[in-house]
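First, the structure itself, so that you have it in front of you.
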Amino acid sequence: VYTGLISSNTFGNLIFTSFQLNSDVDFASNSSASTSSGNFRRFDCDADAGNLTKAWSTLYEGIETANLFIEGIEGSPLYDAEDPDLEIAQMLGEAKIIRAIYYHELIWMFGDVPFSFNSTKTSKVNIYPIIDRLEIIDKLIADIKGIADKMQLSSEATVERPNRQMAYAMIARLAMTAGGYTLRPDGDTFGKMERMSGDRYKEYYKIARDAANEVINGSMAGTHSLSKDYWRVFYDECNFIVDNRDDVIFEIPFAKNSSGDIGYINGVTMKNYDGETATHNFGKADAGKAALNAFYRFMFDEKDARRDYINQLFYYDATATTNLARCSSGYTVNNGKWSKLWNQGGLGSRTEGSTGINYPYMRYTDVLLMFAEAENELNDGPTGEAMAALEQVRTRAFRSTDA
């Protein structure tokens, strides 16, 4: 069930390189005047572009595997839905949450998509019907709600597996996606950004707020915090240190020298020459594939501790010589949130991708900000609870300053 998450066609690479579209944060420059079928970042692509097909196929393969696994558990004489074995319930919850992640990525990228909770083994139809995205989200939320309280807390297990906090956080994310604006078909145009009419969207904001609040102030209160400095969260991931009680709620578990390009496609660029071995022990990092808009740096307060860790203005050549002119095109800078340089001792002079550095799919920061946004929307303005949640994030960002 996890295989689709760590595939190079999804979170192993493509979601960060091909499908992070140019914005006021993510950016990739292109010197070619002509377009190509897979130029997603320039919004020039074909419906059957290669990387699009790879991602689509891998996400549905993940759903099929999850469906088979869930059917296997729920159809087993060892499973009692009313009083399930805790280990079996935990595994069932993991599969349901990961299945929701796959569907959420499909909805995020394509809108209304084929949907079924039945595997091809049990499905009564050969072709899954295309279902409205809101109906899919409703089913996913109900599905996770049914298993959430039977799952382990992150402190009892590990944040490398979906846990009870992740269940409620995923409910909040799905609800925020449903309640927000999405691109919908609009005749012969490229579509129109719309949100459901009337106040119905607030029903989803309430679901999001209540789910997030359960993690922050409810039965799971105090299990996560922002006690570490901002940079330390990502430094620890670069050194394969798993912390069950700080910012990270669920991180996708990659394997060193086997999967995942975190730190290779982002972080500080480290070059080699025509495939020659670098003279340092950190290997190559092709961080331009997931770069930042150079102007993003100017959106930060000068005292914000996050600014200089995220916006890296330098790179290293193969001799480990520092170069300060990272903005060769004038538009991009390195995304320094993860870096192979942060790994103590280095991953090896011949290494490139497959770093094994985990990706935090859900953080306590996400939960705090979803709660603040939903609380603000539901009350037509900020409340004390919303400001308190936001303040936790800002306090960490300015902890070492007098701001």
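All heavy atoms count here, side chains included; hydrogens, waters and symmetry mates do not.
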Give me each pair satisfying salt bridge (charged side-chain N to carboxylate O under 4.0 Å, His left out) with a member in residues 142-152, each pair once, sequence neighbours excluded.
Lys96-Asp143, Arg99-Asp143
Taking only residues two or more places apart in sequence, or in another chain, which ones meet Arg232 in a salt bridge (charged side-chain N to carboxylate O under 4.0 Å, His left out)?
Asp236
The criterion is side chain to side chain contact (heavy atoms under 4.5 Å, CB included); which residues satisfy it with Asp246, sequence neighbours excluded?
Ser225, Ser227, Lys228, Val233, Asp243
What heavy-atom pair brings Glu251 and Val248 nearest, and what distance separates the two atoms?
OE1-CG1, 3.5 Å
My understanding is that only one of Thr10, Asn9, Thr53 makes a side chain to side chain donor-acceptor pair (under 3.5 Å) with Thr58; could you say which?
Asn9
Return the set of residues passing side-chain hydrogen bond (donor to acceptor under 3.5 Å, both in side chains) with Arg306 (not counting sequence neighbours), or none when no residue passes.
Asp304
Close side-chain approach of Ile310 and Phe300, heavy atoms under 4.5 Å
yes
What pairs with Gln152 under side chain to side chain contact (heavy atoms under 4.5 Å, CB included), at least two apart in sequence or on another chain?
Gln90, Glu156, Ala157
Among all residues two or more places apart in sequence or in another chain, which pass the salt bridge (charged side-chain N to carboxylate O under 4.0 Å, His left out) test with Arg195?
Glu377
Side-chain contact, heavy-atom cut-off 4.5 Å: Leu226 with Leu368?
yes
Please check if any side-chain donor atom of Lys54 sits under 3.5 Å from a side-chain acceptor atom of Ser18, or the reverse.
no
Going by side chain to side chain contact (heavy atoms under 4.5 Å, CB included), Ser119 matches just one of Ile63, Thr65, Leu68. Which one?
Leu68
Are Glu94 and Tyr2 linked by a side-chain donor-acceptor pair shorter than 3.5 Å?
yes
I'd like to check Asp286 versus Glu352 (side-chain heavy atoms, cut-off strictly below 4.5 Å). Are they in contact?
no
Sorted by chain and number, sequence neighbours left out, side chain to side chain contact (heavy atoms under 4.5 Å, CB included) with Leu390 holds for Leu369, Arg394
Heavy-atom side-chain proximity of Ser154 to Met166 below 4.5 angstrom:
no
Quick test of your reading: applying salt bridge (charged side-chain N to carboxylate O under 4.0 Å, His left out), list the pairs with at least one residue in residues 118-138, sequence neighbours left out, ordered by first then second residue.
Asp112-Arg133, Asp132-Arg184
Does Ser339 have any side-chain hydrogen bond (donor to acceptor under 3.5 Å, both in side chains) partners at least two apart in sequence or in another chain, and if so, which?
none
When you compare the side chain of Tyr316 with that of Leu341, does any pair of heavy atoms fall below 4.5 Å?
yes
Less than 6.0 angstrom separating the ring centers of Tyr359 and Phe16, yes or no?
yes
Verify whether one side chain among Glu64 and Tyr102 offers a donor that lies under 3.5 Å from an acceptor in the other.
no
Which residues share a ring-ring contact (aromatic ring centres under 6.0 Å, His included) with Tyr79, sequence neighbours left out
none
Using modelled atom types and a 3.5 Å cut-off, is there a donor and acceptor pairing between side-chain atoms of Asn163 and backbone atoms of Leu153?
no
So, using salt bridge (charged side-chain N to carboxylate O under 4.0 Å, His left out) as the criterion, who are the partners of Asp380 when residues are at least two apart?
Lys202
Can the ring centroids of Tyr361 and Phe11 be said to lie less than 6.0 angstrom from one another?
yes
Sorted by chain and residue number, the salt bridge (charged side-chain N to carboxylate O under 4.0 Å, His left out) partners of Arg297 (sequence neighbours excluded) come out as Asp308
Side-chain donor-acceptor pair present, Arg164, Ser219, cut-off under 3.5 Å:
no
